[in-house]
Amino acid sequence: MLTLGIESSCDETGVALYDSEHGLLADVLYSQVALHSEYGGVVPELASRDHLRKTLPLIQQCMADAELPLSSIDSIAVTEGPGLIGALLVGSSIAHGLAHALKIPVIGVHHMEGHLLAPMLEENPPEFPFITLLVSGGHTMLVEARAVGEYHLLGETLDDAAGEAFDKTAKLLGLGYPGGPALAKLATQGKSDRYPFPRPMTNRPGLDFSFSGLKTHTRTLWQQLETDNPEENALIKADIAAGFEHAVVQTLLIKCRRALQHTSCRRLVIAGGVGANQSLRSTLLAEAKKHDWEIYYPRPAFCTDNGAMIAYVGNLRQLAGQLENTGIRGRPRWPIDELCPPGQQDMQ
Ligand code: KG4
Ligand code: ZN
């Protein structure tokens with residue numbers, strides 16, 4: 001069964017084709033980074049308009065890459081939430097319009113389930129149950145995944161998401177948008193132990209996170225340390241970036257370790273945009289070796305937003321008996337533990 005996936009929840013338009021027998025056949029992505037960079041963050045109305053411009057050409061490109069006609073598609077999977085409402089509605093409208101013309105069903109997909117199951121697109125995918133650290137621009141959570149659609153939230157951020165903290169801290173340091181990758185790059189030139197950073201919420205029990213204090217700590221440090229010498233400032237910024245990144249990575253590590261201990265699970269999956277961070281990947285990999293955990297993470301392009309994960313989840317859910325969804329809609333807020341296994345219709 002062939003599923004066309006459409007992702008348009010934020011600032012990336014992703015389109016992909018996933019076949020239940022042959023796997024991923026095509027995967028194309030258009031990033032709106034250049035569009036939003038002059039505003040220092042995502043402008044929702046501009047995002048919607050750009051998804052509207054780009055989705056149909058990307059669908060055409062995807063079909064051309066796979067050398068297949070539109071008539072070969074059996075279903076369309078589209079991100080239904082969470083995300084920016086206008087951006088979600090563009091994807092949903094296009095999906096329903098095309099599905100109506102082709103007389104095929106539409107499966108509404110939870111964006112975070114896409115991230116959570118993205119490692120399944122790789123060779124040697126994890127088996128259930130596993131613990132997922134989901135770290136993106138909008139979410140930071142630890143989820144116990146027991147089966148498809150059976151997700152138990154173990155902990156989440158009480159304020160900023162990890163990616164949001166990266167982005168806001170990068171902005172404070174004048175690194176532009178999107179800040180995460182730029183801050184990570186700068187951190188490779190700095191010394192992580194030059195300035196002390198806290199490890200928020202690690203010295204009390206529980207699996208929740210809080211990252212807004214790290215951003216404030218950075219602002220205060222920078223205000224104290226900034227000099228009139230641009231070269232010296234560049235060195236200070238690199239050391240701050242390294243200290244900040246190290247603090248985030250160590251905090252995530254401590255909570256992952258705790259989640260695995262609490263659940264007696266030995267499988268850890270890293271997903272979401274911050275999962276592309278090399279320091280996080282190598283730190284968790286080393287920890288996994290030490291404790292003999294199995295560790296899984298998708299390639300960096302499948303950590304950040306993409307159409308492949310949406311096509312995969314839609315295909316999987318339809319094969320498992322999920323019915324067509326009710327119509328054009330977007331759910332800006334949609335807690336992941338409200339999801340049901342495929343076939344058990346979500347009545348929200
Ligand atoms: O999953 P994603 O593409 O979109 C959301 O669903 O939010 O995640 C985007 C987030 C942004 O905050 C971005 O700065 C962050 O992931 N990010 C990174 C890296 N690559 C992307 N953060 C740290 N290091 C990276 N290498
Ligand atoms: Zn995402």
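Read the numbers this way: they start at 1 and go in the same order the structure lists the ligands and their atoms.
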[Y] versus [X], side-chain donor and acceptor atoms under 3.5 Å:
| X | Y | answer |
| --- | --- | --- |
| Thr3 | Ser75 | yes |
| Glu113 | Tyr151 | yes |
| His111 | Glu7 | yes |
| Asp159 | Ser210 | yes |
| Tyr177 | Asp11 | yes |

* **Trp334 and His110 aromatic ring geometry - parallel, tilted or perpendicular at 30°/60° bounds** => tilted

* Applying a 4.0 Å heavy-atom criterion (strictly less than), which segment of Thr304 is in contact with ligand 1: side chain, backbone, both, or neither? ->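 It is both backbone and side chain that touch ligand 1.
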
* Asked: Using heavy atoms and a threshold below 4.0 Å, how should the contact between Gln278 and ligand 1 be classified: side chain, backbone, both, or neither?
  ->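 Looking at Gln278 and ligand 1, no heavy atom falls under 4.0 Å.
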
Ignoring angles and geometry beyond distance, decide whether [X] reaches within less than 3.5 Å of ligand 1 through its nitrogen or oxygen atoms.
| X | value |
| --- | --- |
| Pro178 | no |
| Glu12 | no |
| Gly273 | yes |

* **Candidates Ile76, Val106, Thr79, Ile328 - the one meeting side-chain contact (heavy atoms from CB on, under 4.5 Å) with Ser92** =>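 Considering Ile76, Val106, Thr79, Ile328, a side-chain contact (heavy atoms from CB on, under 4.5 Å) with Ser92 is found only for Ile328.
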
* Answer yes or no on whether Arg281 is positioned over the face of Tyr297, meaning its NZ or CZ is under 6.0 Å from the six-membered ring centre and within 45° of the axis. =>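 Relative to the ring axis of Tyr297, which defines the angle, Arg281 lies inside both limits.
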
Can you report which non-hydrogen protein atom sits closest to [atom], along with the distance?
| atom | answer |
| --- | --- |
| atom 2 (P) of ligand 1 | Asp305 OD1, 3.3 Å |
| atom 10 (C) of ligand 1 | Gly137 N, 3.4 Å |
| atom 23 (C) of ligand 1 | Asn277 ND2, 3.5 Å |
| atom 22 (N) of ligand 1 | Gly180 CA, 3.6 Å |
| atom 12 (O) of ligand 1 | Asp167 OD2, 2.7 Å |

* Heteroatom test (N, O or S) for Cys10 near the Zn ion (ligand 2), limit 2.8 Å ->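 No, Cys10 does not qualify, because none of its backbone or side-chain N, O or S atoms lies under 2.8 Å.
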
* the Zn ion (ligand 2) to nearest N/O/S of His139 below 2.8 Å ->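 Of the N, O and S atoms in His139, none lies under 2.8 Å from the Zn ion (ligand 2), which means no.
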
* Derivation of the salt bridge (charged side-chain N to carboxylate O under 4.0 Å, His left out) call for Lys289 and Glu287 -> CA-CA 5 Å; Lys289 274 199 185 133; Glu287 188 75 5; over 6 Å; no

* Atom name of the N, O or S atom in Asp305 that lies nearest to the Zn ion (ligand 2) ->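 Restricting Asp305 to its N, O and S atoms, the minimum distance to the Zn ion (ligand 2) goes to OD1.
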
Under a 4.0 angstrom heavy-atom cut-off, which atoms of ligand 1 come close to [X]?
| X | result |
| --- | --- |
| Gly163 | 12 (O) |
| His111 | 6 (O) |
| Gly138 | 7 (O) |
| His115 | 1 (O), 6 (O) |

* Could you tell me whether ligand 1 has any atom less than 4.0 Å away from a heavy atom of Cys10? =>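 No, that is not the case, since the closest heavy atom of the residue is not under 4.0 Å from the ligand.
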
* **Residues, nucleotides or ligands: over 12 heavy atoms within 6.0 Å of Arg266 CZ** => yes

* Asked: Nearest heavy-atom pair of Ala259 and Leu154: which atoms, and what distance?
  -> CB-CD1, 4.2 Å

